[in-house]
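Reviewing the structure listed below.
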Amino acid sequence: MAPWVRVSALDAAAEDFSATGPDADRLLRPDPVLGCLTLREAVRPDPLHVVIFGAGHVGQALVHILGTLPCQVTWVDARDDLFPDVVPANVSIEATDTPEAVIDEAPPESCFLIMTHDHALDQRLCEQLLRRDDVAYFGLIGSQTKRRKFEHRFRARGIAPERVARIVCPIGEPGIEGKQPAVIAVAVAAQLLRLRSERERQSAAPVRAEAHAH
């Protein structure tokens, strides 16, 4: 179907067409340049797939927030007793002592957050995740000191610096400061939402370019 259709001047009144109805994402509006109505449809990317390692205080606070957002969450920890009895509909629990397998099975362009109670486990998970080239986001909870220690260990193991540079540590949107679990969770959720918005703009760009080509 053509991206726009020429109409008579009388159809200019259609500017308010279905702006609040069930098809609010599909807007038919007059284009003053083309002199015709254009159909604009929002292009929405697939929901983010977020994999969280760690069911501690920060993990619980983050899952609470992500449960209200457009994403799919896989929540991983070997300590089954830490998981709440009820979780949001978009959250699935993986109580496993082989979390590396979850990394291997996650779909491409997933977002990973490593925030366990054990630095040795964090390092193992990081090393497993650094083997993948199709990760949308790779966050590791901790300070700059923890980041430097991990970077030193990864260099000693022969891992390329450009791979290590993909790790986001400390995690969270810059400018949101605080060590309380809820504050960290809000900062991380904001960072993931920014990533989702960037993906949405990238998905919409080819559609706009194709429409202008016609």
Side-chain angles (χ1 to χ4, degrees), residues 46-132 134-147 149-151 153-154 164 166-197 199:
D46 294 333
L48 291 178
H49 185 188
V50 183
V51 184
I52 300 174
F53 295 95
H57 295 305
V58 178
Q60 301 223 11
L62 181 57
V63 167
H64 178 72
I65 295 174
L66 296 182
T68 67
L69 299 177
C71 60
Q72 296 295 324
V73 179
T74 301
W75 195 8
V76 188
D77 201 303
R79 301 166 295 171
D80 185 51
D81 58 305
L82 291 184
F83 292 112
D85 294 332
V86 179
V87 296
N90 64 335
V91 176
S92 61
I93 289 175
E94 287 280 351
T96 176
D97 57 1
T98 56
E100 292 91 341
V102 179
I103 291 176
D104 295 338
E105 295 167 1
E109 298 303 314
S110 292
C111 301
F112 295 86
L113 284 147
I114 298 175
M115 46 179 61
T116 80
H117 63 294
D118 185 344
H119 279 208
L121 176 57
D122 286 351
Q123 182 176 334
R124 280 184 14 230
L125 293 173
C126 284
E127 289 179 5
Q128 188 74 15
L129 193 48
L130 285 169
R131 299 176 183 177
R132 294 191 57 158
D134 56 355
V135 174
Y137 175 92
F138 180 171
L140 171 66
I141 194 168
S143 63
Q144 287 287 355
T145 299
K146 180 177 179 179
R147 181 187 185 95
K149 288 181 179 178
F150 273 46
E151 287 175 340
R153 294 171 185 171
F154 294 148
V164 178
R166 292 158 38 194
I167 301 175
V168 178
C169 179
I171 54 175
E173 191 70 8
I176 303 178
E177 300 178 357
K179 295 184 179 180
Q180 303 94 325
V183 174
I184 297 173
V186 167
V188 172
Q191 202 164 43
L192 293 175
L193 285 174
R194 179 167 58 81
L195 172 65
R196 182 178 183 273
S197 296
R199 286 176 54 176

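Looking only at side-chain heavy atoms (C-beta outward), Pro88 and Val73 stay at 4.5 Å or farther from each other. Side-chain contact check for Asp122 versus Phe150: some heavy-atom pair is nearer than 4.5 Å. His119 has its side chain out of reach of Lys149: every pair of non-hydrogen atoms, C-beta onward, lies at least 4.5 Å apart.
Summarising the geometry of Val76 relative to Pro99, their closest heavy-atom pair is CG1-CB, 4.0 Å, with the distance given to 0.1 Å. In terms of heavy-atom proximity, Ile141 sits nearest to Lys146 at O-NZ, 2.9 Å. The nearest pair of heavy atoms linking Gln144 to Pro170 is NE2-CD, 3.5 Å. When all heavy atoms of Cys169 and Ser143 are compared, the pair lying nearest together is SG-O, 3.7 Å. Minimum heavy-atom separation, Arg147 to Ile167: NH1-O, 2.6 Å. Among all heavy-atom pairs drawn from Ala189 and Leu69, the shortest one is CB-CD1, 4.5 Å.
With rounding to the nearest 0.5 Å, the separation of CG in Leu66 from CG in Leu62 is 4.0 Å. Atom NE2 in His57 sits 13.0 Å away from atom CD in Gln180 (nearest 0.5 Å). The OG1 atom of Thr68 lies 8.0 Å from the CG atom of Asn90; values are rounded to the nearest 0.5 Å. Atoms CE and CG, from Met115 and Leu140 in turn, are 9.0 Å apart once rounded to the nearest 0.5 Å.
Scored by the ring-ring contact (aromatic ring centres under 6.0 Å, His included) test, Phe83 finds Trp75 as partners (sequence neighbours excluded).
Judged by distance alone, the side chain of Asp77 and the main-chain N or O of Ile52 form no donor-acceptor pair under 3.5 Å. Formation of a donor-acceptor pair under 3.5 Å by the Gln60 side chain with backbone atoms of Leu82 is found in this model. Between the side chain of Asp97 and the main chain of Ala78, no donor-acceptor pair closer than 3.5 Å is present.
Legend: side-chain hydrogen bond (donor to acceptor under 3.5 Å, both in side chains) pairs involving residues 181-195, not counting sequence neighbours, sorted by first then second residue: Tyr137-Gln191, Glu173-Arg194, Arg194-Glu198.
Classification of Arg132 and Asp134 as a salt-bridged pair holds, one side-chain N sitting under 4.0 Å from a carboxylate O.
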Please report, to 0.1 Å, the donor-acceptor pairs under 3.5 Å made by any side chain of residues 103-114, with sequence neighbours excluded.
residue, atom, partner, partner atom, Å
Asp104, OD1, Gln128, NE2, 2.9
Asp104, OD2, Gln128, NE2, 3.1
Ser110, OG, His49, ND1, 3.4
Ser110, OG, Pro107, O, 2.6

